[in-house]
Amino acid sequence: MNFVSTRGNVSEIGFIDTVLMGLANDGGLLVPEKIPQIPAEKLQAMSQLTYQELAYEIFSYYVDGEIPDNELKELIEKSYATFRHPEVTPVQKVKDNMYVMELFHGPTFAFKDIALQFLGNLYSYVSKKTGETIHILGATSGDTGASAIEGVRGKEGIRICILHPHGKVSKVQELQMTTVHDENVLNLAIRGTFDDGQRIIKELFADVDFKNKYHLRAINSINFVRILAQTVYYFYAYFQVTKETGEQKVNFSVPTGNFGDIFAGYLAKKMGLPVGKLIVATNENNILERFIQDGVYQPGEFRSTYSPSMDIQVASNFERYLYYLLDENPSAASALMDQFKSEGKIVVNEEQLRQVKKDFAAHGVAGEECLQTISKYYAESKYLLDPHTACGVAAYETCNEPNEVCVTLATAHPAKFNESIERCDIEQTFPEQISALFDKPQYQEVVDADNDEIVRQLEKLFSFSNS
Ligand SMILES: *Cc1c(COP(=O)(O)O)cnc(C)c1O
């Protein structure tokens, strides 16, 4: 299996090199040269597997022998052994035609754990095999940082630096990241937004000499392995729900920020999973909703919302979708990305827009609607939605037809976002792992969102690691 860049100037690298490269060296994103097709009989057989067995089957198409089978199995076992639910991502029926897939049973109570526990173990594996020190640089809107730090804290051969927007993450997200005091972890709270953090890391990764000199590795969803690990639960949920309902097709409603999780669903569909509609749920930072309605991709004004992990204007995985929308033509994708850089927007033509609307439905959820959805489902179904999941549920209500079955992805546990839950006058009990965070001291540096400042901080962390 080979991987190529959406911009055409990286070709034919294998799985491990794809993971290590993160952002493609030409500034694009890495995608499989050819998406593997899973035949119907194979799908049928897969429907009986446990989560871990299913992950192994799906990963194998992409790893393609680069990791020996027994070692890949061990990596998967280890990555999901820390989850609190035996099914890893259990599916719960909440309403007649709506199921919630709970993706928050990992160590940091958000879906990011599903890919990042695996990626942390994979980096550790590569570092042991090659003797290479791994320096991770990532930006977070809150959950990626917590999960990536949890995945690698204290691990030999790995250092991690995470940028989060100062004061713009929830209290629990901040505590999960900053109460970690291992020597290999550096938290930088930047004065700015997630988009500033993401822009800085993309610029630093695009400087190939700098990236190679420091062995910089990515944990954001620019890294293809994040997407791959997330395709697994689409298959898992599909099998559980079709067994129960006898339906052939299942819609998915996905709370979306960086377009990573929904792109994983798109990839699962392209691999042959009979997915119906993919519903893009956004909050008031609704660039993706606007794109799907009118074909113009243009950032609006940043808004702080009740669902801060989706407070994102520039969705980096959008480029992967664009590449497929343009029939896998890297010159066309590069031209549009250049246009985005110079003019600040991308406009697709009518035929392309028709395709976009075939691929996705979308709904941008306003603040009040988010809170009302939490209150309503708590009252009617005794199910407490976190504010991101509530956006997903509100989008299901808008975009799903009564005769269709929908799985809404529950991307976080409500305890992570008590600021929003309190506004609904709901009192929740925190899981003990979360209550324990409030007594711990915090470690972070507050810095300007400035490339040079970040480089200075990185050099401090890395010189420590070289000593
Ligand atoms: C990251 C995150 C999202 C958005 O996921 P993307 O892959 O960035 O689209 C949604 N909900 C929660 C709780 C998250 O942490």
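For ligands, and for the atoms within them, numbers begin at 1 and follow the listed sequence. For clarity, every value in this text was computed on a predicted model and none was experimentally measured.
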Would Glu380 and Lys95 pass as an ion pair if we require N to O under 4.0 Å? no

Look at Glu404 together with Lys277 and state whether they make a salt bridge at an N to O cut-off of under 4.0 Å. yes

Taking the six-membered ring for Trp, are Phe224 and Tyr62 parallel (under 30°), tilted (30 to 60°) or perpendicular (over 60°)? tilted

Taking atom types as modelled and ignoring hydrogens, do the side chains of Lys202 and Asn220 form a donor-acceptor contact shorter than 3.5 angstrom? no

Contact residues of ligand 1 (heavy atom under 4.0 Å), by chain and number: Phe111, Lys112, Asp143, Pro255, Thr256, Gly257, Asn258, Phe259, Gly260, Asp261, Ser309, Met310, His388, Thr411, Ala412

Is NZ or CZ of Lys376 both nearer than 6.0 Å to the six-membered ring centre of Tyr378 and within 45° of the ring axis? no

Donor-acceptor under 3.5 Å (Asp113 side chain, Thr108 main chain): yes

